[in-house]
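Worksheet: one structure, shown below.
Residue numbers begin at 1 in each chain, while the letters A, B, ... track the order of the sequences.
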Protein chains: 2
Amino acid sequence: MDMISALTAFSALSQKTRLEAFRLLVTAGDAGMSAGDIAEALDVRQNTLSANLAVLLQAGLVRNQREGRVIRYFADTDGMRGMLGFLLQDCCGGRPELCQPLIEDLTCGC
Amino acid sequence: MDMISALTAFSALSQKTRLEAFRLLVTAGDAGMSAGDIAEALDVRQNTLSANLAVLLQAGLVRNQREGRVIRYFADTDGMRGMLGFLLQDCCGGRPELCQPLIEDLTCGC
DNA sequence: TCCATAATTCATGACATATGGAAATAAAGA
DNA sequence: TCTTTATTTCCATATGTCATGAATTATGGA
């Protein structure tokens with residue numbers, strides 16, 4: 001992940017509808033969710049959500065797949081990992097003692 | 001960390017100068033960096049950087065401290081942890097099997 | 001073929017954000 | 001006190017972003 005990709009990813013997550021949609025897809029896991037279901041869950045119009053999903057797609061944070069009439073969206077864990085790695089990489093590179101407790105805190109029991 | 005704080009943090013990191021400044025401060029660690037040194041390192045004007053540091057401050061991603069004439073900035077690891085936790089929390093909550101490899105990948109050897 | 005459904009694309013107006021110049025504040029030293 | 005240095009604040013402008021309404025594409029079924 002380079003600087004531009006990271007900026008795109010952070011920018012994508014800096015908007016309420018998109019952050020909510022992304023979290024929804026993360027919890028949905030492999031099942032994913034159709035664009036319509038996401039729009040209904042978040043109470044936003046289809047075209048508004050469509051534009052926001054397009055931003056998440058371009059940021060590499062979600063994937064999609066047409067299934068007949070519906071288009072199903074999934075969280076892209078690789079994209080998420082790349083973005084987080086971009087931040088933590090620097091932390092570890094320079095100061096392992098800062099990184100250690102941060103990582104430990106993120107394991108959140110699973 | 002709530003939704004609004006997370007949005008503020010992601011928004012703060014979605015701008016090149018701010019993301020660069022934050023990474024600079026992360027690697028600087030406890031030593032921190034003065035506003036002037038950051039401005040010079042990133043080749044941006046002081047007033048522009050000042051505005052951007054104010055955004056990072058408000059997002060809780062950096063702290064500062066006056067030392068005589070200079071104002072020294074530090075990365076706020078608590079803020080960083082809160083932001084990352086906000087994303088990973090959902091991942092773990094719903095799907096531990098998604099979270100596990102993601103966490104493992106983030107430990108990056110330290 | 002015709003219609004209904006699902007979702008996207010396009011154009012527009014409203015609002016927010018970033019940057020630069022100039023001025024202001026704060027501290028240190030002569 | 002006056003000057004210099006470090007940094008911030010104010011203001012204007014240019015740019016970017018977001019949601020909306022209308023039109024468009026794509027699919028499935030009558």
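Separating the CZ atom of B/Arg69 from the P atom of C/dA24 is a distance of 21 Å, rounded to the nearest angstrom. Residue A/Gln15 contributes atom CD, which lies 7 Å from atom C1' of D/dC18 at whole-angstrom precision. Straight-line distance from the CD1 atom of A/Ile38 to the C1' atom of C/dT8: 14 Å, rounded to whole Å. Between the CG atom of A/Leu49 and the P atom of D/dC18 there is a distance of 13 Å, given to the nearest Å. Between the CG atom of A/Asn47 and the C1' atom of D/dC18 there is a distance of 11 Å, rounded to whole Å. Here the P atom of nucleotide D/dC18 and the CG atom of B/Leu7 are 11 Å apart, to the nearest Å. Atom P of nucleotide D/dT8 and atom CZ of B/Arg72 are separated by 13 Å, given to the nearest angstrom. The nearest whole Å value for the distance from the CD atom in A/Glu40 to the P atom in C/dA6 is 10 Å.
Residues of residues 51-67 of chain B that place a heavy atom closer than 4.0 Å to DNA chain C, in numerical order, are B/Asn52, B/Arg66.
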Please assess B/Val44 against B/Glu20 for the test side-chain contact (heavy atoms from CB on, under 4.5 Å), listing each intermediate value before the final yes or no.
-> CA-CA 11 Å; B/Val44 295; B/Glu20 287 177 340; over 6 Å; no
Dump the intermediate steps for side-chain contact (heavy atoms from CB on, under 4.5 Å) on B/Leu87 and A/Leu19, then the final yes or no.
-> CA-CA 9 Å; B/Leu87 276 187; A/Leu19 183 51; 4.1 Å; yes
Can A/Leu13 and B/Met83 be said to form a side-chain contact (heavy atoms from CB on, under 4.5 Å), step by step?
-> CA-CA 11 Å; A/Leu13 293 177; B/Met83 181 191 68; over 6 Å; no
Start with the C-alpha distance between B/Ile71 and B/Leu53, add both sets of side-chain angles, then the distance that settles side-chain contact (heavy atoms from CB on, under 4.5 Å), and finish with yes or no.
-> CA-CA 11 Å; B/Ile71 297 182; B/Leu53 286 175; over 6 Å; no
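Between B/Gln46 and D/dT7 there is a side-chain N or O to OP1 or OP2 distance below 4.0 Å. Between B/Tyr73 and the phosphate of D/dA6, there is no side-chain N or O to OP1/OP2 separation shorter than 4.0 Å. OP1 or OP2 of D/dC18 sits under 4.0 Å from a side-chain N or O of A/Arg18.
A donor-acceptor pair under 3.5 Å is formed between the side chain of B/Ser14 and the backbone N or O of B/Ser11.
Atom CG of B/Asp43 has 12 or fewer heavy atoms from other residues, nucleotides or ligands within 6.0 Å.
When the nucleotides D/dT20, D/dT8, D/dG28 are ranked by their closest atom to the side chain of A/Arg45, D/dT20 comes out on top. Picking from D/dA19, C/dA7, C/dT19 the nucleotide with the shortest atom distance to the side chain of B/Thr17 gives C/dT19. Taking the side chain of B/Thr48 as heavy atoms from C-beta on, and the options C/dA7, D/dT8, C/dT19, the nearest nucleotide is C/dT19.
Defined by atom type and a distance below 3.5 Å, a donor-acceptor pair is present between the side-chain atoms of A/Ser5 and A/Asp2.
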